[in-house]
Number of protein chains: 2
Amino acid sequence: MLPLLFIRKFIMSVSSNHLTIKDIAKLSGVSKSTVSRVINHDPMVKESTRNKVMAIIEQYQFTPSKSARAMRGYGNKVIGIIVTRLDSMSENQAVRCMLPIFYEHDYDPIIMESQFKVEKVQEHLSMLKEKQADGVVIFAFTGLDNNVLSFWQNKSVIMARSYPDYNCVCYDDIGAVTQLLHHLHLTKKHQKIAYIGVEEQDQTTGAVRYQAYLAFCQRYNIIPHAYLGKLSFLSGYDLAPLVLASAPTAIVCATEAIALGLNKYLYEKQLNHIVVASVGNSELLNFLFPQTLFIELGFDKAGTYAANKLIAMLQKVTDFNAIAKTMTIPSQLNHSSS
Amino acid sequence: MLPLLFIRKFIMSVSSNHLTIKDIAKLSGVSKSTVSRVINHDPMVKESTRNKVMAIIEQYQFTPSKSARAMRGYGNKVIGIIVTRLDSMSENQAVRCMLPIFYEHDYDPIIMESQFKVEKVQEHLSMLKEKQADGVVIFAFTGLDNNVLSFWQNKSVIMARSYPDYNCVCYDDIGAVTQLLHHLHLTKKHQKIAYIGVEEQDQTTGAVRYQAYLAFCQRYNIIPHAYLGKLSFLSGYDLAPLVLASAPTAIVCATEAIALGLNKYLYEKQLNHIVVASVGNSELLNFLFPQTLFIELGFDKAGTYAANKLIAMLQKVTDFNAIAKTMTIPSQLNHSSS
DNA sequence: TTGTACGCGTTATCAT
DNA sequence: ATGATAACGCGTACAA
């Protein structure tokens, strides 16, 4: 009786058009190893044979099996991108800049959602580890501590927050708020500038931006009037009457969502003499309330930088003397309405 | 001289804590084959041995190497999701419902952007083919024809548009517009209902919804007043004065973006007696103009359905008699403001 | 410079 | 019911 194995093999060799390194070897009259060497750019192959093999590879559109080389420890050419929420405008902008760069370098980005949960990050990370992903981009959030990330130390870029010994890409929260205030106070001569922010539990959007406001006030002798709430339109709307009690001529908002809420309130009350300034911008804010002054945190630049950085990291085989650094993306003031 | 291979092997066996099926076999006193059988739920293993092996697997938190089993032709457990734009609110909502379902079944979803370009879809698709992805979800758009998709015929779900011989999940554009009009005309007794839509080049959002409006008008003897523009806030804002010329008491908008633009215009002109109705909703529309009547197309339900459908398709080994069907997700009218 | 032989972790076939 | 062994496609130490 003929073993089934042989039958299957025969069928395969006829019907399946999936070429392997072996087939290429046969077709170009060399051994598997040589083909492998050609593929991996081994300098020890003769020019002539290389050309010969390359020709066959091109002709048959051969691509080595990803799974097989993954098994040999070559990495899957996979990069995980863990965002907090898929519908976060800011992260979206950054991610959209990353994707083409990863594609360019033949990496397959796989996007996952943490929903601000540490356990989700852990889950995704172990999934990626199993899959032998090559690198990760993680959008950090309040509560995420670095011990979860240790395995990825030299193959990850952390966004929006700075961790020691990790490569991070941060936004210039302090600079953004300061520039906004600088423009309002020094250029536009506003004296009474209030602030609506986010609770200090949130490190960057909350605490840092608020502190920047306080610091500026102290330096320029402005009496601070600040209210902190949640990260939503509603919060901006609800805090509006409170902050107006101090009769400000300008109000700085920690986020564009808050600015949207505030603007709605001001519009309803016909208080259109008050200048609204916001960290961050959106198409909608710009459309609905075009007079709003805003400063871009540079999510697109951050995304581009992060992707390039990660790829550079992964290309170094062993980077002993590569120091993990935090890059701060400079903010850019919107001058169209100034 | 000791071959390097052995040295490496020795080092690996000591330092690397990565367990393989072999190690589990050794630890539980059986052969690799039996462990494999346990993993793959082969009914031919004795209860006692299964429990023994399972215990070891649990204890050591063993997970079979994805790459290795992928090489054995088990599929990569990868599903491609091709969205048009990463920041499309509607697609986002659908995708967010899909992800947990795919994770649940141990599939790795990889999200890609087509940017409404056919060539991008092609590019992504061939990348996924190379990667031996198991299935695809594609968000269709005007201009995408099915000959690009032929390879994926029985392993894909197409969103938002119906193709013969493919499994599709569509939104009930006609039903949505009709329900909206039904409510306005029959329940709220509006007689003059105008429409702002999208150019008919866009099949679903443009043509279909517009036709539904016209059909309703004809049936109920309403004089149609419609203007078609682009898919943006600005279009809604710009077309507002034109559509107001017919002195309508209610205006139906093809999208929430248009509704947003229209609302802005009406608010500025203090025309708050006019009822705005919209297909689709967003947190923002709801917050800024809560009196807007809207109908949900059910993106979340569509996402959930699509994901489950795809997984069901992939589980059937050979589905000869499975007929490709188009599922239409029912719309749901918002009754909070009725 | 190239070919041979083996190993990676898993599953399938065949023999016990 | 279980074990031994040959594949899968690829990379690489070693011999030639």
Side-chain angles (χ1 to χ4, degrees), chain A residues 1-13 16 18-26 28-53 57 60 62-77 130-132, chain B residues 1-13 16 18-26 28-53 57 60 62-77 130-132:
Chain A
M1 174 194 141
L2 206 58
L4 271 182
L5 204 56
F6 289 167
I7 297 179
R8 209 191 82 205
K9 202 174 170 183
F10 176 73
I11 293 175
M12 290 292 282
S13 75
S16 175
H18 199 81
L19 294 179
T20 78
I21 196 174
K22 207 184 209 163
D23 301 314
I24 301 297
K26 220 166 285 175
S28 41
V30 295
S31 75
K32 297 188 301 179
S33 348
T34 306
V35 178
S36 178
R37 288 188 183 102
V38 171
I39 292 170
N40 298 311
H41 305 102
D42 189 320
M44 292 301 153
V45 312
K46 212 201 297 177
E47 245 340 89
S48 60
T49 42
R50 147 162 297 132
N51 294 134
K52 194 168 53 183
V53 174
I57 289 181
Y60 287 86
F62 166 76
T63 356
S65 152
K66 306 252 180 192
S67 3
R69 45 176 25 207
M71 212 183 62
R72 297 294 299 136
Y74 250 55
N76 242 338
K77 282 277 193 181
E130 232 179 64
K131 229 190 134 51
Q132 294 165 253
Chain B
M1 173 195 143
L2 206 57
L4 269 183
L5 204 55
F6 291 167
I7 298 179
R8 209 190 82 204
K9 205 173 168 184
F10 177 73
I11 293 174
M12 289 292 282
S13 75
S16 175
H18 199 81
L19 294 178
T20 78
I21 196 174
K22 208 181 203 164
D23 301 313
I24 301 298
K26 219 167 285 176
S28 39
V30 296
S31 74
K32 297 190 298 180
S33 332
T34 304
V35 178
S36 178
R37 288 189 183 100
V38 171
I39 293 169
N40 298 311
H41 306 101
D42 188 320
M44 292 301 151
V45 319
K46 213 201 298 177
E47 246 339 270
S48 60
T49 42
R50 146 161 299 133
N51 293 135
K52 194 168 54 183
V53 174
I57 289 181
Y60 286 88
F62 165 77
T63 356
S65 152
K66 302 253 180 191
S67 1
R69 47 175 25 200
M71 211 184 64
R72 293 292 310 161
Y74 251 54
N76 246 335
K77 283 278 194 179
E130 232 178 62
K131 228 188 135 51
Q132 297 164 251

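Everything numeric here is computed off the predicted structure, so don't read it as measured data.
A donor-acceptor contact under 3.5 angstrom links the side-chain atoms of B:Ser33 to the base of D:dA4. Side-chain atoms of B:Lys32 come within donor-acceptor range of the base of C:dT10, with a qualifying N/O pair under 3.5 Å.
The B:Asn40 side chain lies nearest to C:dT11 when the options are C:dG3, D:dG3, C:dT11. Distances from the side chain of A:Lys46 to the nucleotides C:dT2, D:dG9, C:dG9 place C:dT2 closest. Here the side chain of B:Phe62 is nearest to one of D:dT12, C:dT10, D:dG3, namely C:dT10. Of the candidate nucleotides C:dG3, C:dT10, D:dT2, C:dG3 has the atom nearest to the side chain of A:Arg37.
Using a 4.0 Å cut-off, no side-chain N or O of B:Ser65 falls inside it from OP1 or OP2 of C:dG9. The side chain of B:Arg69 contributes an N or O atom lying less than 4.0 Å from OP1 or OP2 of C:dT11. For C:dT10, the OP1/OP2 oxygens have no side-chain nitrogen or oxygen of B:Ser67 closer than 4.0 Å. The side chain of B:Thr34 contributes an N or O atom lying less than 4.0 Å from OP1 or OP2 of D:dG3. Of the side-chain N and O atoms in A:Ser31, one or more sit less than 4.0 angstrom from OP1 or OP2 of C:dG3.
Here the side chain of A:Ser28 pairs no donor or acceptor atom with the backbone of A:Val30 at under 3.5 angstrom. In this structure, the side chain of B:Asn40 engages the main chain of B:Ser36 through a donor-acceptor pair within 3.5 Å. B:Arg50 places a side-chain N or O within donor-acceptor distance of the main-chain N or O of B:Asp42, the cut-off being under 3.5 Å.
As rounded to whole Å, 12 Å separates atom P of C:dA12 from atom CD1 of B:Ile39. Spacing between atom CG of A:Asn51 and atom P of C:dT1 amounts to 14 Å, rounded to whole angstrom units. Separating the CZ atom of A:Arg50 from the P atom of C:dT1 is a distance of 11 Å, rounded to the nearest angstrom. In this structure, CD1 of A:Ile21 is placed 15 Å from C1' of C:dC6, rounded to the nearest angstrom. Taking atom CG of A:Asp23 as the reference point, atom P of D:dG9 lies 8 Å away to the nearest angstrom. Atoms NE2 (A:His41) and P (D:dT12) sit 14 Å apart, rounded to a whole Å. Atom pair A:Lys22:NZ and D:dC10:C1' shows a separation of 11 Å (rounding to whole Å applied). Per the geometry, CG belonging to A:Leu19 stands 10 Å off P belonging to D:dC10, to the nearest Å.
Among the protein residues, A:Val35 comes within range of no part of the nucleic acid, since none of its heavy atoms lies under 4.0 Å from any strand. Among the heavy atoms of the strands lying under 4.0 Å from A:Ser36 is at least one base atom, whether or not backbone atoms are also near.
Closest approach of B:Ala25 to B:Ser31, counting heavy atoms only: CB-C, 3.6 Å.
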I would like to know whether B:Val35 and B:Ile39 meet side-chain contact (heavy atoms from CB on, under 4.5 Å); could you show each step before the answer?
CA-CA 6 Å; B:Val35 178; B:Ile39 293 169; 4.0 Å; yes
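Rounded to the nearest 0.5 Å, atoms NZ (B:Lys46) and CZ (B:Arg37) are 13.5 Å apart.
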